Every structure is written in structure tokens, then in C-alpha cells.
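Notes to accompany the following structure.
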Amino acid sequence: MEAITNRVEDCILLQLPKIHNRAGNITPIHENQEVPFKIKRIYYLYDIPGGEARGGHAHRDLYQLLVAASGSFEVELDDACQKKTIPLNHPDKGLLIVPGIWRELVNFSSGAICLVLASNHYAESDYYRDYKEYQNFKHADTSNR
Ligand code: T46
């Protein structure tokens, strides 16, 4: 998938497995099985103060799966053409974000934890952090591709 042509509709909500146990549930996630990429990094956002937003950028090559491991939040997706807001509020649902999609995470509930599985290591060079630069990239002529 190409970052320039990817659209918000390419970001899909995945139903993750849930193994029910009388003492609670377990959700296992394997690379190239439940998620369509090799997992090279896991990180999580937590202790997010009320009213704060995270993200506000796009990635050039990175695939990610976002899970509300605890609590809830919303993910605002934007492909410079169309926008869509996806609520995440259960640990057995994961939002797959493909490369080239601007995202902002908002409306975190108290104690929310955003677990992220990523297809590559952290690299600042993979980020579009300037929305104008991102828009120019997405609106670039693709006729000779
Ligand atoms: C995304 C949302 C959900 C690292 O050193 N290593 C890492 O793996 C990450 C993710 C960040 N950092 C450093 C880079 C910055 O100095 O932590 C600082 C904050 O990073 P950032 O502004 O990218 O954080 P968020 O929470 O706004 O965004 C992160 C991811 O970057 C992003 O891909 O989708 O979480």
C-alpha cells in the first residue's frame, strides 16, 4: 500500500480474538496473523491528562494497530480529502492505521491506555508533523505512478 494513495477507508477496525476465562479475558495478537504486518515495536500511551490530544501527524511507511487496552478515546483519521472519527472503547477491537494517514487521538477517558503495535522502530524521518506539508504530499500529481 502506498502512503500517497491510502485513504481513511483503508484504516479498518479489526475484531481481535478474546479468550474468555472465568477470571477474566485474554487477547493474543501475533504478527502477520491478527495484524497484517511484522511487529517491530510496542508502546503505550497512559496518564493522559483530561482534555489532552495525542498524534497530530502522519507516517510515511508505518503500519500501526491501536487498541484501547483500558478506557476509551477517539481516533480522528484524515487523508487530506476525507475525515472519519473512530471510537475505541474495548480491548478486543483494534484500529489498523495504514501509512499516509493523518491521525489525532482525542477525548481520552480517565485512566485510558492506548496500546500501539507498530511495523517499525521509532524514526523521526518517518513522520509528517506539518499538516501543510502533508497536504501537499497527498495532493501531489500521481498520474505517472
Ligand atoms: C501515533 C500515536 C498513537 C520515542 O522516542 N519512541 C517512540 O516509539 C515514540 C512513539 C515516541 N518517542 C518520542 C518522540 C517524542 O519526543 O516520544 C515523544 C513523543 O512522541 P510523539 O509526539 O510521536 O507522541 P504521540 O503520542 O503524539 O504519537 C504517538 C506516535 O508517534 C504516533 O505514531 O500514532 O502515538
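Sequence positions, counted from 1, serve as the residue numbers for this chain. Indexing begins at 1, ligand by ligand and atom by atom, following the structure's order. This is a predicted model, so every value here is computed, not measured.
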From Tyr44, Tyr122, Tyr127, Phe73 - option closest to atom 14 (C) of ligand 1 by heavy atom: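 Nearest option to atom 14 (C) of ligand 1, by heavy atoms: Tyr122.
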Atom 32 (C) of ligand 1 [closest protein heavy-atom partner, distance rounded to 0.1 Å]: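 Ranking protein heavy atoms by distance from atom 32 (C) of ligand 1, first comes His57 NE2, 2.9 Å.
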Distance from atom 34 (O) of ligand 1 to nearest protein heavy atom, with residue and atom: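 That would be Arg103 NH1, 2.7 Å.
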Within-cut-off N or O pair, Tyr43 and ligand 1, under 3.5 Å: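 Among all N and O atoms of Tyr43, at least one is under 3.5 Å from an N or O of ligand 1.
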Contact (N/O only, under 3.5 Å) between Gly55 and ligand 1: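 Yes, there is a polar N/O contact under 3.5 Å.
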pair Pro17-Glu34: side-chain heavy atoms closer than 4.5 Å: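 Heavy-atom side-chain distance check passes, below 4.5 Å.
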Validation row: Tyr122, Arg41 side chains within 4.5 angstrom (heavy atoms):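 They are in contact (side-chain heavy atoms under 4.5 Å apart), so the answer is yes.
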For ligand 1, the portion of [X] having any non-hydrogen atom under 4.0 Å away:
X      : value
Arg129 : side chain
Leu105 : side chain
Ile97  : neither

Side-chain H-bond candidate by donor/acceptor type, Tyr134 with Asp78, under 3.5 Å: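 No pair is found: no donor N or O on one side chain lies under 3.5 Å from an acceptor on the other.
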Atoms in ligand 1 flagged as close to Gln64, the criterion being non-hydrogen separation under 4.0 Å: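 What qualifies from ligand 1 is 1 (C), 32 (C), 33 (O), 34 (O).
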Ligand 1 atoms in contact with His59 (distance to a heavy atom under 4.0 Å):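 With His59 as reference, the close atoms of ligand 1 come out as 32 (C), 33 (O).
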Where Ile4 and Phe137 come nearest, the two heavy atoms and their spacing: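 Shortest heavy-atom contact: CD1-O, 3.2 Å.
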Closest contact, heavy atoms only, Ala68 versus Asn89: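 Looking at all heavy atoms of both residues, the closest pair is CB-N, 4.0 Å.
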Partners passing side chain to side chain contact (heavy atoms under 4.5 Å, CB included) against Asn120 (at least two apart in sequence or in another chain):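 Here the qualifying residues are Lys40, Leu62.
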With Tyr128, the side chain to side chain donor-acceptor pair (under 3.5 Å) member among Arg60, Gln135, His57: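 Exactly one pass, corresponding to Arg60.
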